[in-house]
Amino acid sequence: MGLVRKVLIKNKVEYFKVLFAFLFILLFQNTANSSEITFAAISDSCIKSDKVDNSMTPSIQKLLRARGDINNSGSDFVLFLGNNISGADKYNLVMFAKIIKKIQKPVYTAIGNKDVQKTKHLDKTEYYKLLNRFSKNKVSKVPSIKHISGYIFIFMDGTNEMVSLPRGYYKDRELIILEKYLNKYKNKDVIIVQHYPLIGIEDNLKATYNAEPYKLLIAKHKNIKAIISGHDNKDFEIEDENGIKHINIPSLSEGAEYKVITINTDGDKTSVRSKIISVE
């Protein structure tokens, strides 16, 4: 009887070990397939300093208030969508960099048409070199990718550094790079960050030149969950026929607003929601 009892006890222990291991794996898989991130998205801060009186300008005041909000919020990081300064000017860029350096979250900065211009000795390379010297910005070139909390963020360009144009143009070379990223990370949820929207702009003078090839490209990839843009100075959100959510960020300098975006993935379902934050 003693031997039988020992065998039964041993089998029972082994059973619970297997059961525990199975439950642990199941719990791990559910955790691995579930994630959520919340971040702030700011566009068109258009920083312009007062070089004569060195006084606080409205654009600087709004960015300072946004910085204070974000530092006291639950946002995991911050995206800047371009037109961060009012024109290609190194003094204003350094001012912008010094302000965002004190954001107590990781910062990722895209560029817009007002940010760079070769004739003013501020091309894309010099822009990021100067910005990153005086801030903690984590982007050093566009296009590029960042792995953030299990998601792939792709930072696109679309700007012309020779002349500031109100219409974006995503060159073939850039779209080839985008497709390479999308294929490489086909099993990851992708968020695209760029200054120029692909859809939703009513003013033809601001509409992206070659939006159709871009839209045909992203239609082939089911892992793109959102495209976040600015430039139009308006707040709109449109879900296209492929289920991609196009989120446009209003102007911080004109409307004194930015957005907080939350992306939640639970298994094979991903939801994207946002809310407007006013700094007035």
Side-chain angles (χ1 to χ4, degrees), residues 33-37 39 41 43 79-83 108 110-113 139 141-160 165-250 259 261-274:
N33 293 329
S34 178
S35 60
E36 181 173 288
I37 55 172
F39 55 92
S43 188
L79 300 179
F80 282 94
L81 278 297
N83 282 2
Y108 303 86
I111 57 175
N113 54 294
V139 177
K141 66 177 182 177
V142 284
S144 64
I145 67 162
K146 293 293 178 182
H147 299 254
I148 307 175
S149 302
Y151 296 88
I152 300 297
F153 281 73
I154 302 178
F155 292 81
M156 295 291 282
D157 185 359
T159 62
N160 186 327
L165 296 174
R167 300 183 69 181
Y169 183 79
Y170 296 97
K171 298 178 181 179
D172 290 343
R173 180 189 66 84
E174 189 172 0
L175 295 182
I176 290 171
I177 293 172
L178 173 60
E179 186 164 34
K180 178 182 176 182
Y181 288 150
L182 291 172
N183 287 328
K184 183 176 182 179
Y185 299 103
K186 61 184 178 181
N187 296 321
K188 293 278 190 178
D189 284 347
V190 169
I191 313 299
I192 297 176
V193 179
Q194 58 193 39
H195 181 66
Y196 297 100
L198 286 183
I199 61 176
I201 292 186
E202 297 175 359
D203 184 353
N204 287 331
L205 295 177
K206 288 185 175 181
T208 300
Y209 276 114
N210 61 333
E212 288 308 313
Y214 196 148
K215 287 190 282 187
L216 288 173
L217 168 59
I218 62 176
K220 297 187 296 182
H221 299 271
K222 305 304 180 185
N223 57 330
I224 305 171
K225 302 305 175 182
I227 297 178
I228 305 172
S229 55
H231 186 60
D232 195 38
N233 299 337
K234 295 178 182 178
D235 164 35
F236 62 79
E237 296 189 13
I238 303 170
E239 185 169 310
D240 65 23
E241 61 273 16
N242 303 300
I244 300 172
K245 198 163 189 177
H246 297 254
I247 302 175
N248 207 69
I249 310 302
K259 278 190 172 183
I261 301 171
T262 298
I263 301 176
N264 178 274
T265 299
D266 188 0
D268 59 353
K269 294 181 180 180
T270 298
S271 64
V272 183
R273 60 187 188 275
S274 68

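Counting begins at 1 with the first residue of the sequence.
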For side-chain contact (heavy atoms from CB on, under 4.5 Å), just list the numbers for K225 and I263, CA-CA rounded to whole Å, side-chain angles, deciding distance to a tenth of an Å, and then say yes or no. CA-CA 9 Å; K225 302 305 175 182; I263 301 176; 5.6 Å; no

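- Rounding to the nearest 0.5 Å gives a distance of 4.0 Å between CZ of F39 and CD1 of I261.
- When side chains are defined from C-beta on, L81 counts as touching V193, because their heavy atoms get closer than 4.5 Å.
- Between K206 and I201 the shortest heavy-atom distance is O-CD1, 3.6 Å.
- Here the side chains of I148 and Y108 are in contact, with some heavy-atom distance below 4.5 Å.
- Across P197 and H231, no two heavy atoms sit closer than the pair CD-CB, 4.0 Å.
- E202 pairs by the side chain to side chain donor-acceptor pair (under 3.5 Å) definition with nothing, not counting sequence neighbours.
- T159 contributes atom OG1, which lies 8.0 Å from atom CG of N113 (distance to the nearest 0.5 angstrom).
- Contact check for S35 versus Y151: side-chain heavy atoms found under the 4.5 Å cut-off.
- The environment of NZ in K222 is crowded: more than 12 heavy-atom neighbours from other residues, nucleotides or ligands sit within 6.0 Å.
- D240 places a side-chain N or O within 3.5 Å of a backbone atom of N242 that can act as its donor or acceptor partner.
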Report the C-alpha separation of Y169 and N160 in whole Å, then their side-chain angles, then the decisive distance to 0.1 Å, and conclude whether the side-chain contact (heavy atoms from CB on, under 4.5 Å) test is met. CA-CA 8 Å; Y169 183 79; N160 186 327; over 6 Å; no

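- Distance CG/D203 to NZ/K234: 7.5 Å, rounded to 0.5 Å.
- A heavy-atom distance below 4.5 Å is not found between the side chains of K259 and S43.
- Side-chain contact between L178 and P143 is absent, with no heavy-atom pair separated by less than 4.5 Å.
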side-chain contact (heavy atoms from CB on, under 4.5 Å), that's the test. Do L79 and I249 meet it? Break it down for me. CA-CA 11 Å; L79 300 179; I249 310 302; over 6 Å; no

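- Residues L205 and R167 share a closest heavy-atom pair of O-CG, 2.8 Å.
- Annotation: the span from K245 atom NZ to E237 atom CD amounts to 4.5 Å, rounded to 0.5 Å.
- Side-chain contact between L198 and I218: present, with at least one pair of heavy atoms (C-beta onward) separated by less than 4.5 Å.
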Between V139 and I111, does a side-chain contact (heavy atoms from CB on, under 4.5 Å) hold up when you go through it step by step? CA-CA 10 Å; V139 177; I111 57 175; over 6 Å; no

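- Within the 3.5 Å criterion, the main-chain N or O of Y196 finds a donor-acceptor partner in the side chain of Y170.
- A 4.5 Å side-chain heavy-atom check between K180 and N183 finds every atom pair outside the cut-off.
- The minimum heavy-atom distance linking L175 with P213 is given by the pair CD1-CB, 4.2 Å.
- Side-chain contact check for H221 versus V190: every heavy-atom pair is 4.5 Å or farther apart.
- In this view, N248 and S229 satisfy the side chain to side chain donor-acceptor pair (under 3.5 Å) rule, not counting sequence neighbours.
- Across every non-hydrogen atom of A110 and F155, the tightest pair is CB-CD2, 4.5 Å.
- For the pair D157 and K171, the salt-bridge criterion is not met [side-chain N within less than 4.0 Å of a carboxylate O].
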